[in-house]
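Notes follow the structure.
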Protein chains: 2
Amino acid sequence: MELTARKKEILKVVTERYIDAAEPVSSKYIAQAMGGSVSSATIRNELADLVEMGYLEQPHTSAGRIPSPKGYRLYVNELMERRKVSDQEAAEINSALQGKMQELDSVIAQAGQMVSSIVNYPAYAVAAGKSSVTVRRYDLLPVDTMSFIAVVMTDDSRVKSQLLRTELPVASEQLPALANLLNTHFTGIHTEELGTKLMALAPQLGAELFMPLSQTIEYATAVIDNSERSHVFTTGQSQIFRQPEFQDLSKADGLMSILTDQKSQLPVLDENTPMQILIGPENVSEALKDASVVVASYDIGDNMRGLIGVVGPTRMDYATVAARLSYFAESLTKMFGKNNQLPPKEDDIP
Amino acid sequence: MELTARKKEILKVVTERYIDAAEPVSSKYIAQAMGGSVSSATIRNELADLVEMGYLEQPHTSAGRIPSPKGYRLYVNELMERRKVSDQEAAEINSALQGKMQELDSVIAQAGQMVSSIVNYPAYAVAAGKSSVTVRRYDLLPVDTMSFIAVVMTDDSRVKSQLLRTELPVASEQLPALANLLNTHFTGIHTEELGTKLMALAPQLGAELFMPLSQTIEYATAVIDNSERSHVFTTGQSQIFRQPEFQDLSKADGLMSILTDQKSQLPVLDENTPMQILIGPENVSEALKDASVVVASYDIGDNMRGLIGVVGPTRMDYATVAARLSYFAESLTKMFGKNNQLPPKEDDIP
DNA sequence: TTTAGCACTCCTTTCCCTCGAGTGCTAAAC
DNA sequence: GTTTAGCACTCGAGGGAAAGGAGTGCTAAA
C-alpha cells in the first residue's frame, strides 16, 4: 500500500494532536483539523490503512488512534517542521546562559540543569571526548610551615586546588623545587603510573619532601578520578511526573531508576553527529523502551565534547525539544569558541 | 483529665506501631502488644480519653487511632527511646564518610547526600555561620602571555581557581607584582568595596595591568557570591515516594516543590541548638504542615557551621532519624576537629 | 472514491451491595 | 470505681452491574 500525501498529512495531524493532548485522536477531529474538505468516514478508511501499515495504533477497537514508534519516526524524519527557536525562546535561553558558566569545572552539570529547565523534561549531561585525563601542570603555594595549597591543572583544562596539611614542617623556599619535581616527572602520565613513579623517586627524597609530594600526588589522583567525564549528571527528574503517561508511580519507576541509579544506561551520541532522536524501542536500554531520548553534543574545544540528553515520553514534543536543544548546544559551542578558548597545548611556562 | 502512665504507654505503642505500619492502630493490637494484661475494651476506654485530650486522632468512627501532632510531640519529648546508633549503623555511617570528604568546598552538598542515603528520607544541607565572606589571599600563576590562573582563597577556607584569558599580553614577570597589589588592597573587604577600590586604583595603572586585575576581582566576586552558604542543597527527593502517605502525586506535590523550587522555606536551626525536631504544624512553611523535619548542625570550625535537615512524613521514624543524624553530625564535627583543622587566622605568607 | 447511516464495541463513571475490621455503649462482673 | 464481655453500629474497601458515550467498522448508496 502506498503512503499518499493525504495519509502523511493525517499522520502529522494525529501525531501533533496526540503530543499536545495525550489522548487518542478521533476521525472527527482529524476531518475538522484538515479543514473539513473530507468527511470523518473517509478519514476512518485512511486510518484503517495507516494502522495496517504500522504507523498508527489503536488502544482498543472503539478508540481513536495514536502514533506507533514507526509513526513517530516518520514524523520526526519527514513531517515535523524543523523550526528554529523563536526570538522569545532564544532570549530565554540566552538569559539562562548569561553569567551562569563562570566555573568551567561545572559546565557539564550546569548544562544539564539548564536544559532541563528549558525543555521541561528530565535531562542528563555527560562529558565525551578524551578517554583519559592527565595532569598538565602543578603549582604549590606557601601558606604556613605546616600547610600549602596544591593547584592542579589537567589537560582537559580544569584547574583544581586544595589546602593540604603537612605533618612535618616544610619551608616555603622548598616549594618551588617540589613543584619543579612534580612538573618534570608527574605530568602527562596516567593515574596508575603516578604511584609507581612516586615509589621510584622515594629513596632519593627525605621524609619532609616526600610527604608533601605524596600528598599532592594523592590529591591529583583524586582530581583525575573525580573528573566529570565519568559522571552522568541528571536533573529535572520530577518533570516526568508532569507527564500523564507517568502519573502512575509504577509506570514512572523504570524511568526514575534509570535517571538515578543506572545513569550509565542513558544513551550517548556517536561522534560527528550533532543531534540524535531515539524513539521508544529504538533505545537499547529496556527501561527506555517506552520513552524517547533526544541527545545533542557541544564542543568545549581541544577535543572535549559535552553531551546533553533529554528524556521524555514517546509522546514528547520533538519539534520544540529538538529546536531548543540544538540552539542551546550551538550557543554553548559558540560561547566556548569565543570567550573561553582553551589554553595552548604546549606549556611555555618557565 | 490526667495522663496516667498507662495512657502514656498506650500512646507510645500507638505511635510506634503507626510509624511502622502506616495504618490506624486497633485496640486489639494494643492489648496484645501490652502483654494481654488488659482487654481491648479497657484500651478502648483509654483511647477515647486520649482522643479527647488531643493526643490521638481517629480517621473515621470505625477506624483505629493514629497520633496527632500533639501526640507525636509528647512521644518525641518523653516517650521515645533516645537510642544510640548500633555498631552496625555506626560502621555504615563511618564507611560512608570514609574518603568522601576530600573536597572541602563541597562538604555541605556531600553531607546532604550522605544523610539522605543514611536515613532514607529526602535531606537538605545549607551552611550557617559567618554572614559575609571575604578573600583572604590571591595568587596568580603564569600560563602563557595571554592567560594566567587566578587562585582565590577565602576566609572560610575555600580555595578556588580558574584560568583567565587576557586581551593584552601580560608578561609573567608582572604577575607577582599584581598579586602583591591584590593582596595588599583587596583582601578582607566585602564584595561592594572591591569594585570601588578597583576604580580608585584604576588611574594609577596601565591597561595591561588593569585588565587582568579587574578580571581577577570579577572572578573573586563570583567566588564569594557563589559561596555555598547561599545555596540550599537538596537530595533524595524521590525517597518521599516510598512513603505511603505520598503515593498520591497530588499529596507529594507540595513537598516536592519545597524541595526543589522553594528550598529557602526549609527551616534552619537556632544557634547553640544541636538538633531540633519540627512536627507537622509546628513548621512555619505551609507546605510542611503535613510533614516533619529533623535538623542538626555540625561544626566546620572557625565559626563555620553546617546544617543538615531531613524531611519526611509526620509518621517519620524519629528515633532512628534522630540517632543517625546526630551521630553523623557529631562524626563530621569530630572529623573537622581532628584532620582538617582550619588554617591559621593570620597569614604569615611573605 | 466518498459519504451517510447505523449497529457495535469498549472504556468510564456511577451506583449499589456486600464484607469485615473496628468501634461505642451497656450492663454485668470484679 | 474499674474492667470486661457482648452486641449493634459505622464506615471504608472491593466488586460487580448498569448506564452513558465517544468512536469505530461496515454497508450501501451517491
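Below, read A as the first sequence line, B as the second, and so on, with proteins coming before strands; counting in each chain starts at 1. As a basis for the values below, the full set of heavy atoms in this structure was taken, side chains included, without hydrogen atoms, waters or symmetry mates.
A side-chain donor from one of A/S39 and A/T42 sits under 3.5 Å from a side-chain acceptor of the other. For A/R73 and A/S68, the side-chain atoms include no donor-acceptor pair closer than 3.5 Å. In summary, the side chains of A/Q237 and A/T234 do present a donor paired with an acceptor at a separation below 3.5 Å, with no hydrogens or angles considered.
The CG atom of B/D87 sits 12.5 Å away from the NZ atom of B/K84 when rounded to the nearest 0.5 Å. Atom OG1 of A/T235 sits about 9.0 Å away from atom CG of A/L259, to the nearest 0.5 Å.
Regarding B/I43, its CD1 atom lies at a distance of 11 Å from the P atom of C/dT23, rounded to whole Å. In this structure, A/E52 places its CD atom 11 Å from P of D/dC26, rounding to the nearest Å. Between the P atom of C/dT23 and the CD1 atom of B/I10 lies a distance of 12 Å, rounded to the nearest Å. Between A/I30 atom CD1 and D/dG23 atom C1' there is a gap of 11 Å when expressed in whole angstrom units. B/L47 places its CG atom 12 Å from the C1' atom of C/dG24, with the value rounded to the nearest Å. Rounding to whole angstrom units, CD of residue B/E46 and C1' of D/dG1 are separated by 13 Å. At whole-Å resolution of the value, CD1 in B/I66 and C1' in C/dT23 are 16 Å apart. Atom pair A/D49:CG and D/dC26:P shows a separation of 12 Å (rounding to whole Å applied).
Considering only side-chain N and O atoms, B/R65 lies under 4.0 angstrom from the phosphate OP1 or OP2 of C/dG24. Taking only side-chain nitrogens and oxygens, A/R6 comes nearer than 4.0 Å to OP1 or OP2 of C/dT2. In terms of phosphate contacts, B/S26 brings no side-chain nitrogen or oxygen within less than 4.0 Å of OP1 or OP2 of C/dT23. OP1 and OP2 of C/dG22 both lie 4.0 Å or more from every side-chain N or O belonging to B/Q58.
Of the residues listed (A/E245, A/E23, A/E16), the one engaging A/R315 in a salt bridge (Lys or Arg N to Asp or Glu O under 4.0 Å) is A/E245, and it is the only one.
Under a 3.5 Å cut-off, the side chain of B/N283 and the backbone N or O of B/S292 do not form any donor-acceptor pair.
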| field | Which nucleotides of DNA chain D pair, in dot-bracket form (Watson-Crick or G-U under 3.5 Å, | meaning another strand) | value | ||||||||||||||||||||||||||||||

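Here B/K8 does not pair with B/E46 in a salt bridge; the nearest charged N to carboxylate O distance is not below 4.0 Å.
For the pair B/K251 and B/F246, the cation does not sit on the ring face, since its NZ or CZ is not both under 6.0 Å from the ring centre and inside 45° of the axis.
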| message | Can you build the contact string for nucleotides 4-20 of chain D? Use B for base contact, S for sugar-phosphate-only contact, and - for no protein heavy atom under 4.0 Å. | response | BBB---BBS--------

